[in-house]
Structures are given as structure tokens and as C-alpha cells.
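For reference, the structure discussed in these notes is given below.
Protein chains get the first letters and strands the later ones, always in sequence-line order, with residue 1 at the start of each.
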Amino acid sequence: MTAVTAQRGRTGGRRAGVRRRPMSPGRRWALRTASVVVILAAWQLYGRSNPILLSQPSSIAVAFADMVRDGTLGHALASSLVVLGIGFGTGSAAGVLLGLAAGRSDTISALIDLPVNALYAVPAVALIPVIVLWFGFAVTTKTVVVFLFVIFPVLINTTRGVREVDPELVEVARSFCSGERRMWTDLILPSALPYILTGLRLAIGRALIGVIVAEYYTSLSGLGNLISTNANDFQTARMFVPIVVIAMLGVAFTALLELAERRLVQWRKTPQ
Amino acid sequence: MHSVSSPHLILEGVCVEIGGARILRDVSLTVARREFVCVIGTSGGGKTTLLRTIAGLLPVASGSVTLGGFPVNAPSPRAAMVFQHFGLFPWKTVRSNVAYALRVQGRPADPDRILRLLATLKLDRVADYYPAQLSGGMKQRVGIARALAAEPEVLLLDEPFSALDAITRESLQDEVLRLWENSSQMTAVLVTHDIDEALLLADRVVVVSGPPGHITSEMPVTLPRPRDSQEIRGRADYPRMRKQLWNALNGPGVTCGPGTT
């Protein structure tokens, strides 16, 4: 599934055949804003029927301001971001490095493919009790959980990206007497880059899941703790605040990666 | 006709096997310094394999390839190749694709020289474009410029015009002809299945058929240089040469042409 996403972005030829006219940025933003406004308005109206259970965007906004002011949100967010940052950073670094190695070397690929496929198939949630046993309830445990959520989509996409290097270009590089190091910088890394970025994009969503799951199932902390405790207290507005924050984090990180992708993969321009 | 001197590229009894299958059988060929040899043959006959072997991309099963006195067993900076599929790096601009030939070998890529080379191939206005923004003809100009940037002793061209439309093909053939006739030292081996292309460019045409590929005949092309595609096709002896080459392609083992022993 992951590889399909990457491939669709890559095959420029096929895409050109059914190319639609690109939407103007103004129109895109107008539509985006409209969809958010409609969702919020509907929620606001419908939420009036049962403000305790359903809450309303307006009361969530008030709760948001409260929680920023009393520091609970900032504290929880910082705690979650540390876990997210370390877990995502180490997970994606390990995924990229292992993926590059496995993509280039059949030996490494043969060594890791069974464990990787096995671990990928096991839901990371199922491993949490084991991880707790090994690492205790501290931050380490949570970052390990996030790491496990992140590493596989990155690793699998990276391997695929290295494997998809155009053999004709490998021959071109060989004919010009390219050494192995130049082979990486001229050929393998640039052609794997779109796949790596796709892997990272999938990993961001999974990392956010991993943080909350880890905070639920180990020691309660961070945004996951805020959701859980406020839900238990029927503080629905306060419960929704961290959920909205997570959603915004997801949108922001994805936008950042898309920006990076546009900067890094600008050669993939439409044919003239 | 310009002077053809000492042997530059020597193939002796070359056999090549890929995955146990014999692709080339006992190919012997001597190319003189500054000679332009066209290898012609039908598809699947082993002519591209022959070129890749000369480039050092394929190992020989037996026999030897010698270039400028040195045995060829790996790619060397003495030869540069132009590919049928262009082989440009999509993430490099035209300028970087051309400079690649030098940088990859750790040689300095003087920006002025690259720019002059781009200008020679009418690429100066698209120097900062990416390959996806270029037409097929322009892409192959980049491929040619890249090979020339390496300043090779031998230019190897693998059906460089076969992916292009007829009009672009003719003008690019003329251009390669001019570039080579104006260059002082370059030896060239071009693989093609186009009789007119071979007659336009070559000092000598070598007919390969297979599989397994082997040389069935040779024919010197005695048309005077500098040549012009329109002019040579209007010459009285052109149809006869064309017919001769056509017969050589279709009758294996036939040796033909004046001066062939």
C-alpha cells in the first residue's frame, strides 16, 4: 500500500495522460476554509442539543484559552513533543539508514526482511506490555513505542526507492566511471528521495497515533493524559482541546514535509 | 577523405556471454585513430552488446579489447557513450548533466567551457532546465554534450537517433557529422540500423548479424568529406552504395565493396 502511493507520484508519464488543469491557489484556499467553516458551524448548532457530551467549538475555544493560560496544555504538549520528536527522529533515521542498506545490499536485505515483516505485521500496541517490562514506565518506553510505529513505513518505502533506481541510469553512471560514493549522491539518493519523503509522511500520522497510544497504555502523561482524564471527568470541551492540537500538529507536519518535498524534488516539473 | 592512421581500438576474437548465452562470437575489428566506424545490423543481432563491450561495461568471455594500447576490462575515461534512451539524470539541470561527465571522474568542470559546449549544441538557452522540460531532440543534444565534455578519445554512440522523430533525427545527424569532422582527434563508433545514417557518417561500415553476433562484412564509405546529407544523397553513386549495404545486411556472409579483402 505504502509503495503504491509513492509510485503514483513518480510515474510522471501516466499522470500526464490524465492530467487535469491545476487548481488556482486562491480557489484551493477558499474551498479549504469553506469546508472547515461548515464543519465547525454544523458542530456548533448540533452541539447545542447536548453541550455536556458533544461540546461545541465555541466552548472548546474557551477551554483552549483556559488551558493555555493555566499551563496544562503547554506542559502536556511539551511532554508529548519530546516523545514524538525523539521517537520520530530515531525511528525515521533508523528506517532510512536500514532501508538504504537493504535496498543496496541483498545480504542485508536477506538478513532483515523476515524480522521486519514479522514486526511490521504485529500491531505495535500488542508489544506495549513487553516494552513496559523491558523499559519501565518512563519516557524511554514511550519513545520506543513511537519508534516502532515510525520505522517500518520509512524503512519499507526507502528500500523500495533504492530498488527502483533506473538500471539504465546505473549503466550511464558506470560508463562514466562513477565510484560507489558518487553513485549514491548522483543516482541512488535523488531517486530514492521521493519514496523516503512518502515514507516520512505516512510515518508522521503513525507517530501521532504512537504517542497517544503510548501515553494511554504506559504511565498517563502528555496530551493523551489530558484526553483521558478530562473524558473521565465529563470535561468534554477540555477533552477536545488536545485532540484539536494533535490534528493541528498532523496538518502542520504534513505541510512542512510537502514544502520540503517541493523544494527537494523540484526537478519533477511538468513537461513542456 | 581525411587521413586514417594508426590503430586505436582493437578487438581480437571477442566472445561475450550473458547468462550462459553467447551474444558475440569471435568478433575482430580494428578501428584507426580518428576513424568513424558504423556498426549496422538488425535488432537483436548483438551490435549494442558489441558497443557495451567496447565501453568496458561487459566482460569478455574470451578474446581481448584494447583501446589506445591499454586493455579494456572496465569503463575508462578514454571512452564516452551516448545512449539511445538519452540516460540523463532527471534531477540534474542540463548544465549539471553535462558537467557530470567531468565531476564524476574528479576532473574540474570549468563553467565557461561547459557553457561553450552548451552553446555549440544550441543548449545555452536551456542550461538551467530539467530534462523533463526538454523535447527528445534536446535531450539527446544534452547526451551528446555530456559525452563530449569528457573529452574522450573514442566516442561511442548507441543508436543515438533512433528514439527521435525523422526531422529531428536528420538535423541531429548533420550536427554530429559537423562536430566530428571539426574535432581533431576523436575516434567514433556508432551503432545503427539505419543505412542512410551509416553512409552519411561512416568512413567504414561493419555489418553485424546474429545471434550470436559476428561480423559478416565490411564496406568502406568513400564519399568525400566534409559531407552534407542532402548533397551526398544526390550523388550518382549513392544508390549503388545504398544497394550494396542493403545486400550485405540481407545476405549473411557476403563480402562486398571495393577495397575489401
Side-chain heavy atoms of [X] within contact of [Y], under 4.5 Å:
X	Y	value
Leu187(A)	Trp91(B)	yes
Leu156(B)	Ser175(A)	no
Lys92(B)	Asp186(A)	yes
Phe176(A)	Arg146(B)	yes
Tyr100(B)	Ser178(A)	yes

### Summary
Ranking Gly87(B), Ala79(B), Gly56(B) by heavy-atom pairs under 4.5 Å to chain A gives rank one to Gly87(B)
### Query
Among Gln105(B), His85(B), Arg52(B), Arg103(B), who wins on heavy-atom pairs under 4.5 Å with chain A?
His85(B)
#### Entry: Residue pair Ser76(B) / Cys177(A): nearest heavy atoms and the distance that separates them
C-SG, 3.5 Å
### Query
What pair of heavy atoms forms the shortest contact from Pro90(B) to Leu169(A), and how long is it?
CD-CD1, 3.9 Å
Please determine whether the number of non-hydrogen atoms from other residues, nucleotides or ligands lying under 6.0 Å from atom [atom1] of [X] exceeds 12.
X	atom1	value
Arg27(A)	CZ	no
Ile167(B)	CD1	no
Glu12(B)	CD	no

### Query
Which atoms of Arg174(A) come close to chain B, meaning under 4.5 Å heavy atom to heavy atom: side chain ones, backbone ones, both, or neither?
both
### Query
Relative to chain A, which segment of Ala101(B) carries a heavy atom at a distance below 4.5 Å: side chain, backbone, both, or neither?
both
### Message
Would you compute the distance between atom CD of Glu171(A) and atom CG of Asp158(B) and round it to the nearest 0.5 angstrom?
### Response
8.5 Å
